[in-house]
Each structure stands twice: as C-alpha cells, then as structure tokens.
Student: 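Have a look at the structure that comes next, please.
Positions are given from 1 along the sequence. Only heavy atoms go into these numbers, but all of them, side chains included; no hydrogens, no water, no symmetry mates.
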Amino acid sequence: MSSNFHFLLILVFLISLQPAISTSSSSIDLIQKTCKNTKYYDLCVSSLKSDSTSLKADTKGLATIMVKIGMVNATATNTFLSSHELVLNTTNYTNNDVVLMKKLLKDCADKYALATNALQDSLQDLNNEVYDYAYLHVMAAADYPNVCHNGFKRNPRLDYPTQLAIREDGFKHICDVVLGILDTLGW
C-alpha cells in the first residue's frame, strides 16, 4: 500500500510540473521562432535566453528585452569612451592629433548617449504599441555610431579605434535584432 501511495504522490508531482515544463518549452519555441525573423539568430537567441523574463514574455516583451540589452550596450560604450582609455594608446600622434582624438571620442560618447535616449523612446513606443515609431527610434539609435565613425573618416590621420569598431558592430547587430522582432509585430 505504501508503494502505491508513493507512486501516486510522484505521479501527482509530475503532473503538477507538466504546465511549467510546457510553458518553458513553448517560451523557448517563441524565442526561436521570433529570432528566425532576425538577421542575427544566434545573437538573438543567446541574448533572450540570458534574460529569465524572456520565458514569460510575448513577442512584444521579447522586443522590449532586446531594446534594454541595446540600452545597456550603448551606455557601456558611452562609459568606455568617456573614460579616455583609448587616448592612452595615442603615442604615435602629435599633440594636435591627441587633442582632436579627445574631441572625437567625446563626440562619440555623446552619440552613444543619444542612441541610448532613442532606445528609451522606442521602449515608450512599444508600451504604447506604436510600433512604427518604435522602429524609427531603433533605426535612429543604430545610426548614431555612424556619425561617430564618420568623424574619424573626416580625419584620416587618426585611426578608428579597433575596440570602438567592435563595439559599434555589436550595437548595430543588437539594433538589427530589435528591428527584426518589431517586423513580426504586424504593424
């Protein structure tokens, strides 16, 4: 009799877990399905899976999570640029070039701050379900690093810092993922 009771107890326990397992499985399916509509599937899936709230999110929620990831990235790049760490690697430049480099890096930091603001605006648009404006704000955010890069192109004596190029690409990829998710919202 006690073995039947234990079996019954285990069975009830397993049945009670079943909705949690299927919810988690369907959440993973939604993440994968949503990410298939983006240019960077692996980045999308890994980013969303790294956030525990994505398991309970709908597609709009997944877009919100990715926008927040973009904001963190842009803010980190702004902080990195503001730290003047890149100026320490300017031993091959003249004093005038170093002054110009500092100015360009400050301008770049300002552009990443504006990118963060544009993503913040897109969050508000997502909340209000104004997806076309959310899309425009994400596109604007993705474009701010181009202004930074163009500043270096106008000054060919200065090399565009490799660390900044890597951060720029990462940020643009995140924005591309957000745009792909927004496309699925059917606006």
Student: Indicate yes or no: at least one non-hydrogen side-chain atom of Ile166 is less than 4.5 angstrom from one of Gln163.
Tutor: no

Student: Check whether any side-chain heavy atom of Ile31 sits under 4.5 Å from a side-chain heavy atom of Leu62, and report yes or no.
Tutor: yes

Student: Please assess Leu158 against Asp97 for the test side-chain contact (heavy atoms from CB on, under 4.5 Å), listing each intermediate value before the final yes or no.
Tutor: CA-CA 7 Å; Leu158 302 177; Asp97 289 342; 3.8 Å; yes

Student: Can you name the one residue among Val178, Leu185, Asp121 that meets side-chain contact (heavy atoms from CB on, under 4.5 Å) with Leu126?
Tutor: Leu185

Student: Can you name the side-chain hydrogen bond (donor to acceptor under 3.5 Å, both in side chains) partners of Lys106, sequence neighbours left out?
Tutor: Asp110

Student: Which heavy-atom pair separates Ser47 from Met66 by the least distance, and what is that distance?
Tutor: CB-SD, 3.6 Å

Student: When you look at Leu48 and Val177, which way does the side-chain contact (heavy atoms from CB on, under 4.5 Å) test go after all the steps?
Tutor: CA-CA 11 Å; Leu48 291 172; Val177 168; over 6 Å; no

Student: Could you check whether any side-chain heavy atom of His173 comes within less than 4.5 Å of a side-chain heavy atom of Glu168, counting everything from C-beta outward?
Tutor: no

Student: Verify, without hydrogens or angle tests, whether Asp143 (side chain) and Met139 (backbone) share a donor-acceptor contact under 3.5 angstrom.
Tutor: no

Student: Mind checking the CD1-SG spacing from Ile69 to Cys175? Nearest 0.5 Å is all I need.
Tutor: 11.5 Å

Student: Indicate the atoms forming the closest heavy-atom contact of Phe80 with Ser83, along with that distance.
Tutor: O-OG, 2.6 Å

Student: Restricting to non-hydrogen atoms, name the atom on Ile181 and the atom on Thr59 that form the minimum distance, rounded to 0.1 Å.
Tutor: CG2-O, 3.8 Å

Student: Let me check something: do Leu136 and Val130 share a hydrophobic cluster, defined by ILVMFWY side-chain heavy atoms less than 4.5 Å apart, either directly or through other members?
Tutor: yes

Student: Hey, does Tyr41 have a side-chain heavy atom less than 4.5 Å from the side chain of Thr34?
Tutor: no

Student: For a side-chain contact (heavy atoms from CB on, under 4.5 Å) check, start with the C-alpha distance between Leu123 and Lys68, then their side-chain angles and the critical distance, and finish with the verdict.
Tutor: CA-CA 8 Å; Leu123 279 180; Lys68 289 178 180 178; 4.1 Å; yes

Student: If we ignore angles and hydrogens, is there a donor and acceptor under 3.5 Å between the side chains of Asp125 and Asn128?
Tutor: no

Student: Are Leu81 and Val98 connected, step by step, through hydrophobic side chains (Ile, Leu, Val, Met, Phe, Trp, Tyr) whose heavy atoms are closer than 4.5 Å?
Tutor: yes

Student: Minimum heavy-atom separation for Lys172 to Ala142, with atom names?
Tutor: CE-O, 3.7 Å

Student: What distance do Asp58 atom CG and Thr64 atom OG1 have between them, rounded to the nearest 0.5 Å?
Tutor: 8.0 Å

Student: Which heavy-atom pair separates Tyr112 from Arg167 by the least distance, and what is that distance?
Tutor: OH-C, 4.4 Å

Student: Would you say Val67 and Phe171 are hydrophobically clustered, going by side-chain heavy atoms of ILVMFWY under 4.5 Å?
Tutor: yes

Student: Using salt bridge (charged side-chain N to carboxylate O under 4.0 Å, His left out) as the criterion, list what pairs up with Lys33, not counting sequence neighbours.
Tutor: none

Student: With rounding to the nearest 0.5 Å, note down the distance linking CG in Leu55 to CG in Leu30.
Tutor: 10.5 Å

Student: Applying side-chain contact (heavy atoms from CB on, under 4.5 Å), run through Thr38 and Asp176 and close with a yes or a no.
Tutor: CA-CA 7 Å; Thr38 69; Asp176 282 339; over 6 Å; no

Student: Quick one: pull up NZ in Lys36 and OG1 in Thr184 and give me the separation to the nearest 0.5 Å.
Tutor: 13.5 Å

Student: Following the transitive rule for hydrophobic clusters with a side-chain heavy-atom cut-off under 4.5 Å over Ile, Leu, Val, Met, Phe, Trp and Tyr, establish whether Leu119 and Tyr135 coincide in one cluster.
Tutor: yes

Student: The criterion is ring-ring contact (aromatic ring centres under 6.0 Å, His included); which residues satisfy it with Tyr160, sequence neighbours excluded?
Tutor: His149, Phe152

Student: Does a side-chain heavy-atom distance below 4.5 Å link Asp107 with Lys103?
Tutor: yes

Student: Which pair of heavy atoms, one from Leu43 and one from Ile174, lies closest together, and at what distance?
Tutor: CD2-N, 3.9 Å

Student: Just how far is it from atom CG of Leu164 to atom CG of Leu104, taken to the nearest 0.5 Å?
Tutor: 10.5 Å

Student: Do Lys111 and Leu114 have side chains that approach each other closer than 4.5 Å (heavy atoms only, starting at C-beta)?
Tutor: yes

Student: Between the side chain of Asp51 and the main-chain N/O of Thr53, is any donor-acceptor distance below 3.5 Å?
Tutor: yes

Student: Under 3.5 Å, is there a donor-acceptor pair between the Thr94 and Asn96 side chains?
Tutor: no

Student: Just checking, any donor-acceptor pair under 3.5 angstrom between side chains of Lys60 and Asn127?
Tutor: no

